[in-house]
Amino acid sequence: MSKDVIIACDFPNQTRVLDFLERFGHERPFVKIGMELYYAEGPAIVRLLKARGHQVFLDLKLHDIPHTVGQAMRVLSNLGADMVNLHAGGGSAMMQAAIEGLTRPDGSRPLLVAVTMLTSTDEARMHNELLINKPIEEVVASYARTARDTGLDGVVCSPLEAGGVHAVCGSDFLTVTPGIRFAGAGTDDQARITTPAKARELGSDYIVVGRPITASDDPAAAYKRCRDEFLGLN
Ligand code: C5P
């Protein structure tokens with residue numbers, strides 16, 4: 001399985017994302033399109049970035065009744081994204097409907113991963129606001145097990161939980177991990193974070209990196225540093 005860095009292209013419109021990607025020259029990094037960009041530009045932005053040669057993770061985090069999610073996934077599947085996601089909190093019936101909706105007539109489908117607990121949610125918030133009174137690692141592992149048993153390809157979780165997820169779900173079950181910061185940098189609104197090198201040590205399969213690259217004066221250099229650290233190339 002190939003490990004990679006996915007750049008979270010959290011930009012307000014197409015012009016901004018294309019200006020940003022321009023700075024990578026001929027390189028075509030794996031990109032993540034989130035709600036902001038998708039809601040601004042619609043499905044065309046997925047088709048455009050695919051046509052330009054990028055792999056695309058469409059991060060819309062669906063969470064609704066099974067029928068609605070299944071039908072929505074049918075639409076997303078036709079856009080050509082390589083990876084899509086939903087919230088594991090929607091339950092196994094919703095995840096099952098999502099797989100059915102995503103599967104194309106030829107049997108192919110994008111990778112489907114489930115968000116376990118947002119990396120901006122720490123254990124205190126989970127206890128006090130979500131009223132889930134278990135250790136966060138246990139909650140993440142349980143959500144991951146349900147996702148795996150339903151047939152999903154992996155989960156989105158903190159790199160700090162990647163080892164625990166692999167222990168429960170096996171090494172082939174993907175861990176896609178946001179909450180990455182370079183050593184010594186600020187955390188922004190993220191709570192459960194680590195560095196690219198540490199994420200590698202902990203067994204992350206894909207790291208999702210936004211502001212450390214998008215807000216950098218030299219995004220291509222920040223991306224290279226991230227990849228080198230994560231893939232152990234330096
Ligand atoms: O800028 P930053 O590196 O914090 O961006 C992280 C990206 O990963 C954002 O696009 C955010 O929506 C996404 N994400 C996350 N935590 C999750 C799932 C997705 O931070 N559990």
Side-chain angles (χ1 to χ4, degrees), residues 4-13 16-17 20-21 29-41 45-46 49 54-63 81-90 95 111-123 125-126 129-130 132 136-137 139-144 147 152-162 164-165 174-199 202 204-217 219 222-223 225-227 229-230:
D4 210 348
V5 174
I6 303 176
I7 304 178
C9 289
D10 294 325
F11 293 106
N13 55 47
R16 288 279 303 280
V17 76
F20 170 73
L21 292 172
F30 199 142
V31 294
K32 179 172 88 67
I33 298 174
M35 295 184 203
E36 183 184 14
L37 187 57
Y38 188 80
Y39 291 151
E41 298 292 351
I45 191 68
V46 180
L49 295 182
H54 295 272
Q55 290 193 77
V56 172
F57 171 20
L58 188 52
D59 175 22
L60 299 181
K61 300 189 182 69
L62 277 67
H63 190 169
D82 299 276
M83 188 186 288
V84 298
N85 65 355
L86 42 61
H87 273 285
M95 292 194 262
L111 291 171
L112 178 61
V113 295
V115 176
T116 52
M117 199 53 68
L118 291 172
T119 43
S120 52
T121 304
D122 60 15
E123 193 164 75
R125 191 183 294 271
M126 192 188 74
E129 296 183 17
L130 305 184
I132 301 174
I136 201 160
E137 295 76 21
V139 175
V140 169
S142 171
Y143 282 21
L152 271 70
D153 303 292
V155 287
V156 182
C157 61
S158 160
L160 303 172
E161 292 135 10
V165 167
L174 299 174
T175 51
V176 179
T177 67
I180 302 292
R181 292 295 179 267
F182 289 122
T187 62
D188 301 309
D189 55 349
Q190 295 283 15
R192 305 189 330 274
I193 57 162
T194 191
T195 64
K198 189 74 185 163
L202 294 169
S204 295
D205 296 299
Y206 291 93
I207 55 172
V208 175
V209 188
R211 287 161 289 185
I213 296 174
T214 56
S216 162
D217 291 337
Y223 172 68
R225 176 180 170 195
C226 221
R227 259 189 127 237
E229 276 191 29
F230 181 56

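Quantities reported herein were computed from a predicted structural model and do not represent experimental measurements. As a basis for the values below, the full set of heavy atoms in this structure was taken, side chains included, without hydrogen atoms, waters or symmetry mates. First listed ligand is number 1; within each ligand, the first listed atom is number 1.
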Worked check of side-chain contact (heavy atoms from CB on, under 4.5 Å) between Leu21 and Leu49: CA-CA 10 Å; Leu21 292 172; Leu49 295 182; 3.8 Å; yes
Excluding sequence neighbours, so at least two apart, what forms side chain to side chain contact (heavy atoms under 4.5 Å, CB included) with Leu111? Met83, Asp153, Leu174
Please say whether more than 12 non-hydrogen atoms of neighbouring residues, nucleotides or ligands are located less than 6.0 Å from NZ in Lys198.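 12 or below, so no.
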Pairs under 3.5 Å, nitrogen or oxygen of ligand 1 with protein nitrogen or oxygen:
residue	atom	partner	partner atom	Å
ligand 1	1 (O)	Arg211	N	2.7
ligand 1	1 (O)	Arg211	NE	2.7
ligand 1	3 (O)	Arg181	NH1	3.0
ligand 1	3 (O)	Gly210	N	2.8
ligand 1	4 (O)	Arg181	NH2	2.8
ligand 1	4 (O)	Gln190	NE2	2.9
ligand 1	4 (O)	Arg211	NH2	2.8
ligand 1	10 (O)	Asp10	OD1	3.4
ligand 1	10 (O)	Asp10	OD2	2.7
ligand 1	10 (O)	Lys32	NZ	2.7
ligand 1	16 (N)	Thr119	OG1	2.7
ligand 1	20 (O)	Thr119	OG1	3.2
ligand 1	20 (O)	Gln190	NE2	2.9
ligand 1	21 (N)	Thr119	N	3.3

Show the numbers, then the answer: is there a side-chain contact (heavy atoms from CB on, under 4.5 Å) between Val209 and Phe182? CA-CA 10 Å; Val209 188; Phe182 289 122; 6.0 Å; no
Answer with yes or no after comparing the ring centroid distance for Phe57 and Tyr206 against a 6.0 Å cut-off, counting only values under it. no
Once you round to the nearest 0.5 Å, how far does CG of Asp188 lie from CZ of Arg181?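 Rounded to the nearest 0.5 Å, the CG-CZ separation comes out at 4.5 Å.
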